[in-house]
S.K.: 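The structure that follows is given in the form of structure tokens.
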Amino acid sequence: MYKISIFSIIVSILELVACGKDKPKPVEWTGFERPAHFPNPVYDFSSNVVTEAGFALGKKLFYDGKLSRDGSISCGSCHIQYSAFTHHGHAVSHGIDEQLGSRNAPPIQNTAWQANFFWDGGVQHLDMLSIAPIENPVEMDETVANVLQKLRADSEYPALFEKAFGTTEINTARTMQALSQFMNMLVSANTRYDKFVQGDNSALNAQEQAGLAAFRIKCESCHREPLFIDNEFHYNGLFRTNDLGHFGITLNPLDSFTFKTPSLRNLDKTAPYMHDGRFTNLDMVLDHYQSGIYPHANLDSRLTNGFSISNQEKADIKAFLLTLTDEEFIRNPLFSE
Amino acid sequence: MNNKIVLIAAMVAASFAQVGCNKDKINPNEKGSLGLHFDNRAGNMDLTLNNAQGYNTPLNQQITISTFDYYISNIQLTNKDGGVVTLPQTYHLVKESDTESQEFTLNDIPEGDYQSITFLVGVDSARSTMPIADRTGVLDPAGAGAGMYWSWNSGYIFVKLEGTSPQAPLDSATNTRPLYYHVGGFGGYSSTTINNLRTITLPFGSNGDVEVRKDGEVSKLHINVDALKVISGTTNVDFSTNPVAHFGTFSGNLANNYTQMFVLDHIH
């Protein structure tokens, strides 16, 4: 029933789940594998080979409150698997001491294909990413140096680092690269859309196919298949607040109000939407593109004169977007706490 | 007997010749050393952290300094023929709170008679973007480089000057009047942005050439570093209106200011 195998490990687990009567099969570790219809990853895996032990260490770190000042917040607190590793229902995340962040927690999926991170693109390498939430006063409010001390003093971590990296030494690079190994394994590539583009015409119904066709005309130039990202920054005409987005990183006025193009994968699981979570549902997002765009010199040129979406296209595109949910991904026990 | 005297005389002569060789002849394949001492100052006084009375600025404001840290890297020496020798890549984080960090020795310097030293204040773009596994020592953002790294906008803080001033705005949360001057910005990863890397050249001038020899005496450059020059000079910073500098265009004024911060005091 799951003919398209991305990770044989996922498949074997899913078969276990799907066919509970079967005898348990040994879980085979395959490491990171590029889905056949995905481009080559951006991440240089030769600098950080994903191993079973490294992945397991990264997963333990990801779900460990030790990464926060008072032990209350783990990465998984705001990046919940069932919500495609977002903080479902939260416009902006609640960090330590119930403090609010300023932006919507992005999903953690297909990180290996991302050339930059965060809504403003302030981090350019996955290995440098986790320092930011750990040290952000309204997220985990800890220092990485202190995290390392806690890990060194822990009864389990030194042995896990030894399994992953050969010695018990716990340092910045190993800790960050273990987290990268976990995140890079979070590949979402098994939606109905994926089955469709790989040749299963029955995977999308007529309206969903019409939605895909409309999507390819109206949305594709930024949300590029199959990852639905372009690794770039655009101002999409939202009502402007004092968040200047990518400008904060480049200080170039042309970048004011621009934010990174988010992937649309697992969209149905990642509400609310936009960098500040201002839209609580998909209809509001589509309405924005139909009639809510505010003009500005920095508005992406593709959204200026002549851009329109009909009500029919809106309905079709919405139907298509709902096919981008990857149930295997959000239920994969390999990724669970 | 005569033979012996001749032999001894020859040996003595040879050893003198050897000394003479070491002193004057330069073999660029041989390597020597040079010491550096960064002596942090506040105007014409030795810098003392957290001194209650503070230091006066050209705008007649007072600053009590609690932190003064900066990176020195990309060191080059120019010899008297104008040849530039780039030293092996080493990165130094000079911290006022850590006496040991203020003195270090540069090794593997080709023998030569040098007339000036050039260095970068900060961390060059290649090192600012290198893989995390290569970020060790003072470039480890959770190690010796802790506190000198912007995680939200990947890059090192080149110069950090913090303190308080009675002229700075009141921070009601802490009931203090803090000053935070963090200068960084290496030019950007993929899109161009501010570049606050500054190159300093200090001619040895009347101190004379510095002779670097394999087994010679190791000279030491004594460099005075006036912390007040970060917030004075081309731009005299008014603490009441600019108590903070982070990643932003204003920080370029501070980077321009601190190009005047380093003065070669003496060589010994």
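In this text, all values refer to a predicted model and were calculated from it rather than measured experimentally. We name chains A, B, ... by the order of the sequence lines, and we start the count at 1 in each one.
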S.K.: Is A:L148 close to chain B through its backbone or its side chain, or both, or neither, when contacts mean heavy atoms under 4.5 Å?
M.R.: side chain

S.K.: To check you understand the geometry: which heavy-atom pair defines the closest contact between A:A173 and B:A133, and what is its length?
M.R.: CB-CA, 3.7 Å

S.K.: Using the side chain to side chain contact (heavy atoms under 4.5 Å, CB included) rule, take B:F247 and A:L251 through it: C-alpha gap first, then chi angles, then the decisive distance, then the call.
M.R.: CA-CA 9 Å; B:F247 186 81; A:L251 304 178; 3.6 Å; yes

S.K.: For the residue pair B:P141 and A:I131, establish whether any side-chain heavy-atom pair is separated by less than 4.5 Å.
M.R.: yes

S.K.: Present all donor-acceptor pairs from chain B to chain A with distances below 3.5 Å, rounded to 0.1 Å.
M.R.:
unit_1 : atom_1 : unit_2 : atom_2 : d
B:D140 : OD1    : A:T172 : OG1    : 2.5
B:D140 : OD2    : A:T172 : OG1    : 3.1
B:S154 : N      : A:G122 : O      : 3.0
B:T193 : OG1    : A:T250 : O      : 2.6

S.K.: Return yes when atom CD of B:E100 has more than 12 non-hydrogen atoms of other residues, nucleotides or ligands closer than 6.0 Å, and no otherwise.
M.R.: no

